[in-house]
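Read the structure below first, then the notes.
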Amino acid sequence: MTPLKLAVLPALLALSLCQTTTAGTVSSASLQATFVVHETCTIVSQRNSAQVRCQHNTPYLLLQQTTPSGAGLVTVTF
């Protein structure tokens, strides 16, 4: 046998053993994970306009409303 065949033979044998021992079995697992999102957004509001700039380009919804007193209300939802 050539050296290449000798090197590949144990790997093929191990692979075939793994397939025969796990064939037909079903396993499941559960995993708990916690994600912490660090984001910084700057909101600048001047007269009739508002600008939002987020460090990681987080999507947001900008809603401008007029209050009964005539003042502008800007709501930013992330």
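Hydrogens, waters and symmetry mates play no part in the numbers below; they use all other heavy atoms, side chains included.
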When you measure from the side chain of Glu39 to the backbone N and O of Cys54, does any donor-acceptor pair fall under 3.5 Å?
no
Side chain to side chain contact (heavy atoms under 4.5 Å, CB included), that's the test. Do Tyr60 and Cys41 meet it? Break it down for me.
CA-CA 10 Å; Tyr60 61 90; Cys41 296; over 6 Å; no
Are Val74 and Val52 connected in a single hydrophobic cluster, I mean Ile/Leu/Val/Met/Phe/Trp/Tyr linked by side-chain heavy atoms less than 4.5 Å apart?
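Yes, same cluster.
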Are Leu62 and Leu73 joined in one hydrophobic group, where the rule is that I, L, V, M, F, W and Y side chains link up if heavy atoms are under 4.5 Å apart?
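They do not share one cluster, since no chain of ILVMFWY contacts under 4.5 Å joins Leu62 to Leu73.
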Looking at Gln55, I want to see if its CD is surrounded by more than 12 non-hydrogen atoms of other residues, nucleotides or ligands under 6.0 Å.
yes
Spatial distance of atom NE2 (His38) from atom NE2 (His56) [nearest 0.5 Å]
9.0 Å
